[in-house]
Undergrad: 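Let me begin by handing over the structure; questions about it come next.
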Amino acid sequence: MIELRDDMTAFESVNYFFHKAAQAAELDQQTCEVLSGTYREIRVQIPLRMDDGTVNTVYGYRVQHNGARGPYKGGVRYHPAANLDEVRALASLMTWKTAIVDIPFGGAKGGIQVDIGELSQSELERLTRRFMSQVSYIVGPHRDIMAPDMNTNAQTMAWMMDAYGQSKGHTPAIVTGKPVPLGGSLGRDAATGRGCVIVLNELVRDLGKRPDGLTVAVQGFGNVGSWAARLAAEEGYRVVAVSDVRGAVYNEKGLDIEVLLGHAREAGSVADAPDTETMDGDAILELDVDVLMPAALGEVITKSNADRIRAPLIVEAANHPVTPVADEMLRDRGTTILPDILANAGGVTVSYFEWTQNIQQFSWDEEQVNAELHKRMSNAYQQVRDYAQAHDVDLRQAGFALAVDRVADAAHLRGYV
Ligand code: NAD
């Protein structure tokens with residue numbers, strides 16, 4: 001068991017939640033040791049040739065956490081703060097996430113410590129190709145499959161697929177979240193945000209409420225945040241505030257998400273969008289709304305602001321947005337949290353659909369993708385909720401308990417531990 005502290009690293013934090021569930025399930029010591037550690041970690045040096053001919057050395061990571069249930073699976077993020085500990089934490093979250101939605105993958109994650117704001121498109125492309133070729137000996141369509149995360153997108157995946165294919169032959173299933181013309185799945189772009197709204201709807205229904213008029217604030221307006229905001233508004237929620245790295249906007253009557261998307265496309269940020277009031281970026285977390293969706297960075301709700309969070313429902317669209325200390329503080333105050341390993345699992349679920357379509361060389365229409373996603377996310381929510389009710393624990397502990405049980409079972413059946 002890890003002692004609850006203020007200054008836990010991201011990986012210690014995820015393992016804190018893991019150990020809590022493992023202890024409640026009386027998981028044996030050896031299995032605990034295997035499941036709380038990572039299988040393989042690599043750091044690669046990437047000498048990046050800049051457009052002006054100079055070389056800038058950056059570092060990239062790939063961590064494979066656990067592969068008991070299938071090939072390793074997880075995104076790659078480009079961020080100045082990416083580091084090995086964070087990538088380990090994100091990789092382990094992937095193990096628990098794929099188990100909760102019951103798809104046949106393990107967990108992995110990648111990261112490159114870089115500020116993409118300082119790179120041209122051609123520098124970004126060289127960086128991506130170099131990283132892929134350096135990790136190519138540990139990835140593969142039945143070994144480890146990458147996907148987009150913060151500051152990476154379908155174009156990044158297209159470069160990765162192409163770089164891998166240069167030595168191994170055409171292999172679309174090596175990455176998911178690709179552009180549709182290259183074998184990407186319809187519906188993948190929206191999938192993480194859509195999954196968040198599906199589980200939110202389930203929770204709202206269980207609480208005997210309706211989406212209409214419930215107010216929502218979304219931190220982050222990238223892939224996940226913008227789709228979550230758009231689909232929540234379509235369901236009838238009143239999305240009153242959204243933010244990105246450059247600012248936050250508010251409209252008490254509800255924001256017009258289509259207008260915001262257009263403004264963000266042109267101006268590069270939601271800041272100063274028409275018919276909005278500007279507000280302080282961090283203050284969005286403390287708004288008096290019914291639902292708060294952190295959809296940007298990790299560790300944004302901590303001991304220092306947890307007692308100022310007013311939303312009674314939090315949907316963890318981002319990975320690890322709430323630290324363990326803040327999690328306890330919020331629980332004591334009766335806040336309900338839909339945990340990351342459930343709430344944002346829609347992305348990896350449709351990545352799984354994309355992978356199966358690539359392997360079968362047969363594509364699904366968007367209706368089928370969305371219907372299957374709906375089924376998987378609703379089932380996962382209901383299983384987590386039922387476990388929570390039966391064992392009188394919160395949704396995070398219930399999610400970890402179910403996931404740990406499935407991964408431990410697979411590891412035992414294989415004779416791995
Ligand atoms: P993205 O790069 O598309 O968007 C990130 C957004 O966060 C941008 O709008 C950016 O401006 C904003 N942001 C960054 N720093 C901020 C700050 N300090 N304050 C406010 N906003 C800030 O990334 P994404 O793919 O949408 O990922 C967002 C989160 O969701 C991450 O935690 C990621 O791990 C998680 N996630 C993503 C997926 C996926 O399919 N892309 C799946 C599961 C989880």
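Indexing begins at 1, ligand by ligand and atom by atom, following the structure's order.
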Undergrad: Against Thr176, only a single residue in Glu354, Lys73, Arg188 fulfils side chain to side chain donor-acceptor pair (under 3.5 Å); can you say which?
TA: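 Going through the options one by one, the only one that passes is Lys73.
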Undergrad: Would you mind telling me if ligand 1 is within reach of the side chain of Ser226, the backbone, both or neither, using heavy atoms under 4.0 Å?
TA: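 The answer is neither; Ser226 stays 4.0 Å or more away.
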Undergrad: Quick check on contacts: which atoms of ligand 1 are under 4.0 angstrom from a heavy atom of Ala317?
TA: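 In order of number, 30 (O), 35 (C), 44 (C).
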Undergrad: Please identify which atoms of ligand 1 are closer than 4.0 Å to at least one heavy atom of Asp244.
TA: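 Reading through ligand 1 atom by atom, the close ones are 9 (O), 11 (O), 20 (C), 21 (N), 22 (C).
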Undergrad: Do you see a donor-acceptor pair shorter than 3.5 Å between the side chains of Thr276 and Asn251?
TA: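 Side chains of Thr276 and Asn251: no pair found under 3.5 Å.
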Undergrad: Could you tell me whether Asp244 and Arg246 have a side-chain N and a carboxylate O separated by less than 4.0 Å?
TA: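 No, no charged N to carboxylate O under 4.0 Å.
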Undergrad: Would you mind listing which atoms of ligand 1 come within a distance below 4.0 Å of any non-hydrogen atom of Arg77?
TA: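 Reading through ligand 1 atom by atom, the close ones are 31 (C), 32 (O), 33 (C), 34 (O).
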Undergrad: Where on Leu297 is there a heavy atom closer than 4.0 Å to ligand 1, on the side chain, on the backbone, on both, or on neither?
TA: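 Contact part for Leu297 vs ligand 1: side chain (C-beta onward).
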Undergrad: List ligand 1 atoms under 4.0 Å from Asn151, heavy atoms only on the residue side.
TA: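 In order of number, 2 (O).
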Undergrad: Is Lys109 salt-bridged to Asp149, going by a charged N under 4.0 Å from an acidic O?
TA: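 Looking at Asp149 together with Lys109, the answer is yes, because their closest N to O distance falls below 4.0 Å.
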Undergrad: Specify side chain, backbone, both or neither for Ala147, according to which of its non-hydrogen atoms lie closer than 4.0 Å to ligand 1.
TA: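 Neither part.
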Undergrad: In the protein, which heavy atom is nearest to atom 8 (C) of ligand 1, and how far is it?
TA: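 The protein heavy atom lying closest is Gly222 N, 3.8 Å.
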Undergrad: Of the choices Ile284, Thr192, Val300, Val218, which has the non-hydrogen atom that lies closest to atom 39 (C) of ligand 1?
TA: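 It is Thr192 that holds the nearest heavy atom.
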Undergrad: Indicate, as side chain, backbone, both or neither, the part of Arg188 found under 4.0 angstrom from ligand 1 when only non-hydrogen atoms are considered.
TA: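 For Arg188, only side-chain atoms sit under 4.0 Å from ligand 1.
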Undergrad: Taking atom types as modelled, is there a side-chain donor on Tyr72 or Thr95 under 3.5 Å from an acceptor on the other?
TA: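 No, no side-chain donor-acceptor contact under 3.5 Å.
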Undergrad: Indicate yes or no: does Arg40 engage Asp144 in a salt bridge with an N to O separation below 4.0 Å.
TA: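 Result for this pair is no, no salt bridge flagged.
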Undergrad: Which atoms of ligand 1 are found less than 4.0 Å from any heavy atom of Val245?
TA: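 Close to Val245: 10 (C), 11 (O), 12 (C), 13 (N), 14 (C), 15 (N), 16 (C), 20 (C), 21 (N), 22 (C).
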Undergrad: Could you identify the single nearest non-hydrogen protein atom to atom 41 (N) of ligand 1 and state the distance to 0.1 Å?
TA: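 Nearest protein contact, heavy atoms only, for atom 41 (N) of ligand 1 is Asn223 OD1, 3.7 Å.
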Undergrad: Name the option, out of Ala296, Gly347, Gly195, that contains the heavy atom nearest to atom 29 (C) of ligand 1.
TA: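 Among Ala296, Gly347, Gly195, the closest heavy atom to atom 29 (C) of ligand 1 belongs to Ala296.
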Undergrad: Verify the ring-centre separation between Phe17 and Trp96: is it less than 6.0 angstrom?
TA: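 No, ring centres 6.0 Å or more apart.
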Undergrad: At a 4.0 Å threshold, what atoms of ligand 1 neighbour a non-hydrogen atom of Asp149?
TA: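 Answer for ligand 1: 25 (O), 33 (C), 34 (O), 36 (N), 37 (C).
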Undergrad: Do His79 and Gln113 have a side chain donor and acceptor closer than 3.5 Å?
TA: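 Checked: His79/Gln113 side chains show no N/O donor-acceptor pair below 3.5 Å.
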Undergrad: Rounded at 0.5 Å granularity, tell me how far CD in Glu125 sits from CD in Gln155.
TA: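 Output value for this atom pair is 7.0 Å.
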Undergrad: Could you find the nearest protein heavy atom to atom 26 (O) of ligand 1 and give me its residue, atom name and distance?
TA: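 Going atom by atom, the protein heavy atom closest to atom 26 (O) of ligand 1 ends up being Val224 N, 2.9 Å.
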Undergrad: How about Ser378 and Glu202: does a side-chain donor come under 3.5 Å of a side-chain acceptor?
TA: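 Result is yes, a qualifying pair exists.
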